[in-house]
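Read through the structure below, which is laid out as structure tokens, and then see the notes.
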Amino acid sequence: MYLESDSENSRPATPSEEDCCHNACDPCIFDIHKKLLEEYYRRKKQNVKIQNKENLLCPYLYKNFVVTNIKEISDGYILLFLKYQENNSSNNKKILIYPGQHVMLHLNDITKPFTPISFTDDSIEFLIRLYLNGKFSTHLRNITVGHQINVRGPYGDLKYECNSFQKIIMFTMGSGITAVYSLANSIVNNELEETRVHLIGGFQNISQIPLKKELQALTDYWNFKCTLYISQLHSNAYDLHGINIQSGRLSNTSVSEVLKDCIANTTLILICGNHEFNNSVKQWAVSMNCMHIYVFE
């Protein structure tokens with residue numbers, strides 16, 4: 001799958017035409033390879049020591065994974081567990097994914113990005129929303145344990161450093177919660193962290209909330225707070241221990257209320273939802289003079 005001309009071990013190997021699935025993926029393996037080459041030559045020119053990354057995953061080459069488990073956890077959501085299929089004993093590489101990064105899943109000639117919620121040395125767990133008429137969702141409904149899914153990545157330039165902010169506020173809608181959950185989990189489970197996290201999510205109804213138990217477990221930590229806005233809340237008496245349930249949609253007023261006491265230069269705003277949601281919340285945050293805003297596209 002690689003071209004013979006790549007003789008330097010540290011130089012990013014050139015993908016062949018067969019490595020591309022020709023489905024207009026974003027990012028394409030050739031776009032990724034171009035960026036990696038630019039970084040390689042930049043560091044080489046500056047005499048920076050270049051070391052091979054010991055990541056089992058590769059951003060420009062698909063790796064074979066097998067489905068080990070599938071769980072339905074809420075209305076329209078599943079947990080998908082994948083394990084690396086090939087023998088890895090010879091090189092001892094491990095899966096390395098920064099919280100918030102995503103990978104590309106390739107199944108039946110369809111490719112789609114997903115953000116893992118957890119991973120081990122050779123396995124990855126995904127929270128995935130199944131859409132009624134989605135092509136990828138249709139294929140996922142038909143897979144079983146043992147089915148093969150190809151993975152490449154990771155991608156994403158959010159690289160959070162411990163205690164780099166006093167507060168992180170995460171605005172999400174629907175399945176956008178997957179992009180921030182792993183970061184929130186990594187922060188509260190780090191004894192050195194003093195950063196406070198407030199995760200704010202929007203859902204249509206209670207039955208569509210995924211990761212209820214996981215979110216409730218995070219609220220047991222002193223530095224994590226969770227607020228969920230439910231647009232179709234039929235009973236104000238509904239209770240999720242530790243989670244603040246609000247009726248209605250996330251709006252300019254509610255975002256402004258959350259941000260009014262934040263210190264602009266020590267607060268990170270993370271946003272993940274559909275295009276309209278992302279643009280609206282970003283504009284509202286900018287109007288509150290927030291300086292550090294990251295939108296998951």
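- The CG atom of Leu82 sits 9.0 Å away from the CD1 atom of Ile95 when rounded to the nearest 0.5 Å.
- Note that CD of Glu72 and CG of Leu79 are 10.5 Å apart. Values are rounded to the nearest 0.5 Å.
- Counting all heavy atoms, side chain and backbone alike, Ile243 lies closest to Thr219 at CG1-CG2, 4.3 Å.
- Leu105 and Val66 fall into different hydrophobic clusters, defined by Ile, Leu, Val, Met, Phe, Trp and Tyr side-chain heavy atoms under 4.5 Å apart, directly or through other members.
- When every heavy atom of Ser74 is checked against every heavy atom of Pro210, the shortest pair comes out as OG-CA, 3.7 Å.
- Counting non-hydrogen atoms of neighbouring residues, nucleotides and ligands closer than 6.0 angstrom, the NZ atom of Lys159 exceeds 12 such neighbours.
- If you take CE on Met291 and CD1 on Ile263, they are separated by 12.0 Å, rounding to the nearest 0.5 Å.
- Two residues are said to be in side-chain contact when any heavy atoms from C-beta on lie closer than 4.5 Å; Leu270 and Ile169 fail this criterion.
- For Thr267 and His292, the side-chain atoms include no donor-acceptor pair closer than 3.5 Å.
- Other residues, nucleotides and ligands contribute over 12 non-hydrogen atoms within 6.0 Å of the CZ atom of Arg141.
- The shortest distance between side-chain heavy atoms of Lys212 and Ile209 falls below 4.5 Å.
- You'll find the ring centres of Phe114 and Phe136 inside the 6.0 Å limit.
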*Criterion side chain to side chain contact (heavy atoms under 4.5 Å, CB included) on Ile143 and Leu80, from CA distance to verdict*: CA-CA 10 Å; Ile143 65 172; Leu80 177 68; 3.9 Å; yes

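- At least one donor-acceptor pair under 3.5 Å links the side chain of Asn163 to the backbone N or O of Leu192.
- Taken to the nearest 0.5 Å, the CG atom of Leu215 stands 9.0 Å off from the CG atom of Leu240.
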*Determine, step by step, whether Ile168 and Ile187 satisfy the side chain to side chain contact (heavy atoms under 4.5 Å, CB included) criterion, reporting the C-alpha distance in whole Å, the side-chain angles of both residues, the deciding distance to 0.1 Å, and the verdict.*
CA-CA 10 Å; Ile168 300 179; Ile187 290 175; 3.6 Å; yes

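- Listed here is the closest heavy atom pair of Cys272 and Phe277: O-CE2, 3.9 Å.
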*Using the side chain to side chain contact (heavy atoms under 4.5 Å, CB included) rule, take Leu183 and Met170 through it: C-alpha gap first, then chi angles, then the decisive distance, then the call.*
CA-CA 10 Å; Leu183 177 58; Met170 305 169 168; 4.0 Å; yes

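- Within the model, atoms CD1 of Ile124 and OG1 of Thr68 stand 10.5 Å from one another, a figure rounded to the nearest 0.5 Å.
- The backbone N or O of Ile293 sits nowhere less than 3.5 Å from a side-chain atom of Lys282 that would complete a donor-acceptor pair.
- Side chains of Leu57 and Leu96 form no contact here, defined as non-hydrogen atoms less than 4.5 Å apart.
- If you chain together hydrophobic residues whose side chains sit under 4.5 Å apart, Phe126 and Leu56 fall into the same group.
- Checking Asn185 against Asn189 by side-chain atom types alone, a donor-acceptor pair falls below 3.5 Å.
- Inspection of the Ser256 and Asn252 side chains reveals an N or O donor paired with an N or O acceptor under 3.5 Å.
- Gln246 and Asn244 share a side-chain donor-acceptor pair at under 3.5 Å.
- Taking the side chain as every heavy atom from C-beta outward, His198 and Lys167 never approach each other to under 4.5 Å.
- Checked by atom type and distance alone, the side chain of Tyr84 never pairs as donor or acceptor with a backbone atom of Ser123 at under 3.5 Å.
- A distance of 7.5 Å separates CD of Glu297 from NE2 of His275, quoted to the nearest 0.5 Å.
- Panel note: side chain Ser137, backbone Tyr131; a donor-acceptor pair is recorded below 3.5 Å.
- The cationic atom of Arg152 (NZ for Lys, CZ for Arg) lies less than 6.0 Å from the six-membered ring centre of Tyr62 and within 45° of the ring axis.
- There is a side-chain donor-acceptor pair under 3.5 Å between Asp157 and Tyr294.
- Although no hydrogens or angles enter the test, the distance criterion places a donor-acceptor pair under 3.5 Å between the side chain of Asn223 and the main chain of Thr195.
- Contact record, Pro154 with Pro59: O-CB, 4.4 Å, taken as the closest heavy-atom pair.
- A 4.5 Å side-chain heavy-atom check between Leu107 and Asn150 finds every atom pair outside the cut-off.
- A 4.5 Å side-chain heavy-atom check between Tyr160 and Phe165 finds at least one atom pair inside the cut-off.
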*What's the verdict on side chain to side chain contact (heavy atoms under 4.5 Å, CB included) for Ile177 and Ser175, showing C-alpha distance, side-chain angles and the deciding distance?*
CA-CA 5 Å; Ile177 195 172; Ser175 58; 5.9 Å; no

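- At distances below 3.5 Å, at least one donor-acceptor pair connects side-chain atoms of Gln101 with backbone N or O atoms of Tyr98.
- Between the side chains of Tyr229 and Ser247, not a single donor N or O lies within less than 3.5 Å of an accepting N or O.
- Hydrophobic clustering places Met288 together with Ile271 (ILVMFWY residues linked when any side-chain heavy atoms are closer than 4.5 Å, directly or through intermediates).
- The same ILVMFWY cluster, assembled from side-chain heavy atoms under 4.5 Å apart, contains both Ile200 and Val255.
- Ring orientation note: the planes of Tyr155 and His102 are tilted relative to one another, at an angle of 30° to 60°.
- Hydrophobic clustering of Ile, Leu, Val, Met, Phe, Trp and Tyr side chains at less than 4.5 Å, counting indirect connections, unites Leu233 with Leu228.
- Dense packing is recorded around CD of Gln232, with more than 12 heavy atoms of other residues, nucleotides or ligands lying under 6.0 Å away.
- Here the closest heavy-atom approach between residue Leu127 and residue Leu211 is recorded as CD2-CD1, 3.6 Å.
- Residues Asn108 and His139 come closest through the heavy atom pair ND2-ND1, 3.1 Å.
- Annotation: side chain of Phe171 is not in contact with side chain of Val295 (no heavy-atom distance under 4.5 Å).
- A salt bridge is defined here as a Lys NZ or Arg NE, NH1 or NH2 lying under 4.0 Å from an Asp or Glu carboxylate O, and Asp122 with Lys83 meets this definition.
- Here the side chains of Thr227 and Leu199 are not in contact, with every heavy-atom distance at 4.5 Å or above.
- The closest side-chain donor-acceptor pair between Asn64 and Gln148 falls under 3.5 angstrom.
- Remark: the backbone N or O of Lys94 is not paired with any side-chain donor or acceptor of Asp121 at under 3.5 angstrom.
- Between the side chains of Ser118 and Glu125, a donor-acceptor pair is found at a separation under 3.5 Å.
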